[in-house]
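The structure appears below as structure tokens.
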2 protein chains.
Amino acid sequence: MTIHSREFRSAAILGTPSDIRIDSLFDGCAGQPATLFAAGSEIYAQGEKAGDLYLIEFGAVRVYRLLADGRRQISSFHLAGEVFGFEAGGTHHFFAEAIGATGIRVIRAGHGADRSRELLPLVLQGLVKAQEHLLVLGRQQAAERVAAFLLDMAARQGDLEEFDLPMSRGDVADYLGLTIETVSRVFSRMKDKGIVRLPSLRRVRILKWDTLRAMSE
Amino acid sequence: MTIHSREFRSAAILGTPSDIRIDSLFDGCAGQPATLFAAGSEIYAQGEKAGDLYLIEFGAVRVYRLLADGRRQISSFHLAGEVFGFEAGGTHHFFAEAIGATGIRVIRAGHGADRSRELLPLVLQGLVKAQEHLLVLGRQQAAERVAAFLLDMAARQGDLEEFDLPMSRGDVADYLGLTIETVSRVFSRMKDKGIVRLPSLRRVRILKWDTLRAMSE
DNA sequence: CGGCTCCTTGAGGACAGTCAATCGGGGTGG
DNA sequence: CCACCCCGATTGACTGTCCTCAAGGAGCCG
């Protein structure tokens, strides 16, 4: 069900949220066309052979894992300018899907050169983020989780007052370890209290930053 | 309150649970004495300058983070033979403490040589483990979490029928995002059902592996 | 043997989940 | 351009799992 468009030419990279430089990773693949993934299409699956990395040019990606009965945990979202696809042991332990229409540049593995030096800081940052998210899932209540999530999304889009939520309520729920209904209720409550405005389903404007920060502890 | 014993000579490394070779990391510090950390003593703290790595020779370590009101999430336990201390941005984002009396060999940073190549597989494995733990915290119930935890502890001690739990019930609770009482109740229920035996507070014998595996899904 | 800490067990309550009905908005077709 | 449709989101009522509070028990040290 994956749609690949070799025709699609990349938009400008919107800038990396971190200060880690990734430019050098693309020495060997400059000028390569990006691939377009349609909404919901699979980028890689658990069990597949891993090695390549993926740079998002526009759109967003969810990386997740499933339990046997279908319960899903999204371990991370990735936005424009971010790199994902790191794996251990040469095998993917997770699934990756485009959330909306997403342009991705593939960084092929084994270009000869050893990329450890450039990759290590990126992977370390991913490790810290995952471990910080453990605190959210293990010890925070629903409202605290949503507050932390909104602040993270805002920070990754330049701390603008208003920003996009590329993902559905269901995706947010599966990222925060909650249900759709609980996420929806927390959003509504935040709106009622004047903490946020919700101009549309996929858009948020933060009105009370300090309140949100206090909520996320 | 930290006790460092420069006199202490290391016991044999008990073997790495993974198949990743770490020998080469110690080229520059072979023969260095290990340091003894007393039970509960701090190895490093959040906010401290990072860079060194730590190899456990015996004992166990908890790595955790705190919320403002004292809620604690243990992001990982580390046993004999394992390396920890990876950080991003040169600063520790977590606390590390010895659980019981623990012998640790410090791998000093900046020995000149670039360690990226050896480190990357270790960090990648840590990332996968953290992300897998997200699924446990986000989507599994209490009994499933405990089952997954026991299987993990068993696997890291050679899949022996009977093995040590170096940490307290409180540590287990803070690792699994539960309370002491819930962990205790799940243990008791598993004992009642003949799934495990608990020869002592810090020791477990798994009787029904398949049941545990089915529980952890 | 006493006292301490950690663990266990019980009773009751709260937060989030489940089930179900309704709302709303973006897209399509008339 | 408007009406309809459909999927996602919202809201409400109720349930259940886990947390909180509290008391009692077990192991381990001096």
Side-chain angles (χ1 to χ4, degrees), chain A residues 38-40 62 67 69-73 99-101 136-150 164-193 196-204 215 217, chain B residues 38-40 60 62 67 69-74 99-101 136-150 164-193 196-204 215 217:
Chain A
R62 56 178 170 250
L67 286 171
D69 62 0
R71 279 174 288 176
R72 181 179 70 159
Q73 178 64 44
I99 295 177
V136 174
L137 295 187
R139 286 292 175 231
Q140 301 210 139
Q141 335 214 62
E144 298 173 323
R145 298 186 198 195
V146 173
F149 169 71
L150 290 177
D164 290 313
L165 281 190
M167 67 292 291
S168 69
R169 297 290 187 270
D171 286 336
V172 176
D174 283 351
Y175 176 67
L176 296 178
L178 302 170
T179 60
I180 293 178
E181 294 92 328
T182 298
V183 170
S184 182
R185 275 186 257 267
V186 172
F187 273 38
S188 298
R189 193 105 157 255
M190 285 181 171
K191 192 180 63 177
D192 295 345
K193 289 185 179 174
V196 300
R197 275 194 58 219
L198 305 171
S200 77
L201 280 176
R202 299 283 179 106
R203 205 154 171 81
V204 180
M215 286 177 72
E217 233 119 314
Chain B
R62 57 179 169 250
L67 286 171
D69 62 2
R71 280 175 287 177
R72 182 180 71 156
Q73 178 63 44
I74 293 179
I99 294 176
V136 174
L137 295 186
R139 286 293 175 231
Q140 301 210 136
Q141 329 216 71
E144 298 173 324
R145 299 187 199 196
V146 173
F149 169 71
L150 290 177
D164 291 312
L165 280 191
M167 67 291 291
S168 69
R169 296 289 186 270
D171 286 337
V172 176
D174 282 351
Y175 177 66
L176 296 177
L178 302 170
T179 59
I180 293 179
E181 294 92 328
T182 298
V183 170
S184 181
R185 276 185 257 267
V186 172
F187 272 38
S188 297
R189 192 105 159 256
M190 284 181 172
K191 193 180 64 177
D192 295 345
K193 288 185 178 176
V196 299
R197 277 193 56 219
L198 304 171
S200 76
L201 279 177
R202 299 282 178 108
R203 203 151 173 83
V204 180
M215 286 177 72
E217 237 123 312

Subject >> 5' precedence on DNA chain C between Q140(A) and L198(B) (nearest-nucleotide basis) >> reply: L198(B)
**OP:** Specify the residue among G170(B) and A143(A) whose closest nucleotide of DNA chain C lies further upstream toward the 5′ end.
**Re:** G170(B)
**OP:** Using a 4.0 Å heavy-atom cut-off across all strands, classify L178(B) as base, sugar-phosphate, or nothing.
**Re:** sugar-phosphate
Subject >> Residue whose closest nucleotide on DNA chain D lies nearer the 5' end, S184(A) versus R139(A) >> reply: S184(A)
Between [X] and [N], is there a contact of a side-chain N or O with OP1 or OP2 at under 4.0 Å?
X	N	result
T182(A)	dG17(C)	yes
S188(B)	dT9(C)	yes
R169(B)	dT8(C)	yes
T179(A)	dG17(C)	yes

Original post:
Which nucleotide sits closest to the side chain of A142(B): dC18(D), dG17(C), dT8(C)?
Top reply: dC18(D)
Original post:
So does R189(A) have more than 12 non-hydrogen atoms from other groups sitting under 6.0 Å from CZ?
Top reply: no
Original post:
With a 3.5 Å cut-off and just heavy-atom distances, do the side chain of R202(A) and the base of dG26(C) make a donor-acceptor pair?
Top reply: no
Original post:
Does E181(B) get its side chain close enough to the base of dC21(D), under 3.5 Å, for a donor-acceptor pair?
Top reply: yes
Original post:
With the threshold set at 4.0 Å, does a side-chain nitrogen-carboxylate oxygen contact exist between R169(A) and D174(A)?
Top reply: no
Original post:
Which residues pass the side chain to side chain contact (heavy atoms under 4.5 Å, CB included) test with E217(B), sequence neighbours left out?
Top reply: L67(A), A68(A), D69(A), R71(A), Q140(B), E144(B)
**OP:** Please answer whether the main-chain N or O of P166(B) pairs with a side-chain N or O of R202(B) as donor and acceptor at a distance below 3.5 Å.
**Re:** yes
